[in-house]
2 protein chains.
Amino acid sequence: MATQTAAQRRDEARAAYDAYLACCPARELLDTLSDKWVSLILNALSDGPLRYSDLGRIIAGVSQKMLTQTLRGLERDGLVSRTVTPSVPVRVDYALTELGHDLQPVMLAIKRWAEGNIDQVHSARKAYDTRL
Amino acid sequence: MATQTAAQRRDEARAAYDAYLACCPARELLDTLSDKWVSLILNALSDGPLRYSDLGRIIAGVSQKMLTQTLRGLERDGLVSRTVTPSVPVRVDYALTELGHDLQPVMLAIKRWAEGNIDQVHSARKAYDTRL
DNA sequence: CTGAATCCGTGGCGATACTG
DNA sequence: CAGTATCGCCACGGATTCAG
């Protein structure tokens, strides 16, 4: 039975975290926004719809896997819409949904705070690092 | 030379990401807030200073390692202050700095949006999942 | 062009044990 | 009480390959 203890603990931890997420919308949102590519995609789409390949080009550094995976997640959450145009070759456009658009002010609030206080954070880090 | 290509690419990617972070305060802040324990600690401290062990108890599920590591990061960023009282036994209090306090409205904005729109996200997920 | 599937290295995190 | 040090696991992301 000892061999299952680890798995059991993992499951318990996972279950506990899920339960926690269920009762804490803020963290759920944070988990979404925290994704490295989510904010980039959301920002890229804020100016209007974009094709899959456009996104891949604009957001330099993203792999196909992560781009697709992230877009799927955003689509699932209802933040982004996916429109397929059955031409040859196929064309797929991604756009912000209304819900996704509603999120922009929040992103902006984060951006504003960050831009206004990042200097303090940086100097705090510098002070902390040199003090050792 | 082929053996170094992978390592080189990783380094390049890392360097690119660092450069990107340097010019994008919003993502830097997001990287901080996204941490599983940061928001919990910030929220716990919003009501006033707490001792190390208090934090560990209030934030059920956090390991000593992560608690210490997260607190160090927050202290380094100037969001949290660490006060040692050299008694026996030693007493250490953690509190929000002014900068950390300034961040609360942003956290609140995130919380508000999440609480107001989480239902839509959940129903969107449900619709997406059942559609397959 | 837009993806799906697979392999694989590595870094983050939890658990455990030890210290002042 | 408040940490530090070490180890092992596995989940995440990048690269690559195949498909409609």
Side-chain angles (χ1 to χ4, degrees), chain A residues 2-18 31-32 34-38 40-41 49-76 80-94 132, chain B residues 2-18 31-32 34-38 40-41 49-75 80-95 132:
Chain A
T3 57
Q4 293 191 350
T5 309
Q8 286 178 354
R9 286 196 195 150
R10 279 200 308 277
D11 290 343
E12 285 175 18
R14 163 67 78 163
Y17 187 56
D18 286 348
D31 269 2
T32 298
S34 69
D35 186 282
K36 180 178 174 181
W37 305 112
V38 165
L40 293 174
I41 291 178
L50 286 172
R51 299 182 58 174
Y52 179 84
S53 51
D54 290 332
L55 281 170
R57 187 162 26 74
I58 291 175
I59 307 175
V62 66
S63 62
Q64 281 191 343
K65 178 183 176 179
M66 291 316 297
L67 182 54
T68 299
Q69 194 175 104
T70 307
L71 285 169
R72 287 288 177 280
L74 291 174
E75 186 192 358
R76 190 171 103 99
V80 160
S81 65
R82 177 174 180 267
T83 309
V84 181
T85 305
S87 57
V88 180
V90 182
R91 174 196 178 104
V92 181
D93 285 275
Y94 290 91
L132 302 182
Chain B
T3 58
Q4 293 190 350
T5 309
Q8 286 178 355
R9 286 199 194 148
R10 280 201 308 278
D11 291 344
E12 285 175 17
R14 163 67 80 167
Y17 187 56
D18 286 347
D31 269 2
T32 298
S34 70
D35 187 282
K36 180 177 175 179
W37 305 113
V38 165
L40 293 173
I41 291 178
L50 287 173
R51 300 181 58 172
Y52 178 84
S53 50
D54 290 332
L55 281 171
R57 188 162 26 72
I58 292 175
I59 307 176
V62 66
S63 64
Q64 281 192 341
K65 178 184 177 178
M66 289 317 296
L67 182 55
T68 299
Q69 193 175 108
T70 308
L71 284 169
R72 287 288 179 279
L74 291 173
E75 187 192 359
V80 160
S81 66
R82 178 173 179 268
T83 310
V84 181
T85 306
S87 57
V88 179
V90 182
R91 174 197 178 104
V92 181
D93 286 275
Y94 290 91
L132 304 181

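No experiment lies behind these values; they were computed from the predicted model shown. Each chain gets a letter, A, B and so on, in the order the sequences are listed, and its residues count up from 1. Side chains included, hydrogens not; waters and symmetry mates left out as well; all remaining heavy atoms used.
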Inset, instruction - Please name the pair of heavy atoms, one in Trp37(B) and one in Met66(B), separated by the smallest distance, quoted to 0.1 Å. - result: NE1-CB, 3.7 Å
Report the distance from atom [atom1] of [X] to atom [atom2] of [N], rounded to the nearest whole Å.
{"X": "Leu40(A)", "N": "dG13(D)", "atom1": "CG", "atom2": "P", "answer": "13 Å"}
{"X": "Lys36(B)", "N": "dG12(C)", "atom1": "NZ", "atom2": "C1'", "answer": "12 Å"}
{"X": "Asp35(B)", "N": "dC13(C)", "atom1": "CG", "atom2": "P", "answer": "6 Å"}
{"X": "Leu50(A)", "N": "dT2(C)", "atom1": "CG", "atom2": "P", "answer": "11 Å"}

Inset, instruction - Quick one: list whatever passes side-chain contact (heavy atoms from CB on, under 4.5 Å) with Val88(B), sequence neighbours left out. - result: none
Inset, instruction - Show your working on side chain to side chain contact (heavy atoms under 4.5 Å, CB included) between Arg91(A) and Asp93(A) and close with a plain yes or no. - result: CA-CA 7 Å; Arg91(A) 174 196 178 104; Asp93(A) 285 275; 2.8 Å; yes
With a 4.5 Å cut-off on side-chain heavy atoms, are [Y] and [X] touching?
{"X": "Ile41(A)", "Y": "Leu67(A)", "value": "yes"}
{"X": "Leu40(B)", "Y": "Val62(B)", "value": "no"}
{"X": "Arg82(B)", "Y": "Tyr52(B)", "value": "no"}

Inset, instruction - Assign each of Pro89(B) and Ser63(A) to its nearest nucleotide of DNA chain D by heavy atoms, then name whichever residue's nucleotide is nearer the 5' end. - result: Pro89(B)
Pick out the pairs of N or O atoms, protein on one side and nucleotides 2-6 of chain D on the other, that lie under 3.5 Å.
| unit_1 | atom_1 | unit_2 | atom_2 | d |
| --- | --- | --- | --- | --- |
| dA2(D) | OP1 | Arg51(B) | NE | 3.2 |
| dA2(D) | OP1 | Arg51(B) | NH2 | 3.3 |
| dA2(D) | OP1 | Val92(B) | N | 3.3 |
| dA2(D) | OP2 | Ser53(B) | N | 3.0 |
| dA2(D) | OP2 | Ser53(B) | OG | 2.7 |
| dG3(D) | OP1 | Arg72(B) | NH2 | 3.3 |
| dG3(D) | OP1 | Arg82(B) | NE | 3.2 |
| dG3(D) | OP1 | Arg82(B) | NH2 | 2.5 |
| dG3(D) | OP2 | Tyr94(B) | OH | 2.8 |
| dG3(D) | N7 | Gln64(B) | OE1 | 3.0 |
| dG3(D) | O6 | Gln64(B) | OE1 | 3.3 |

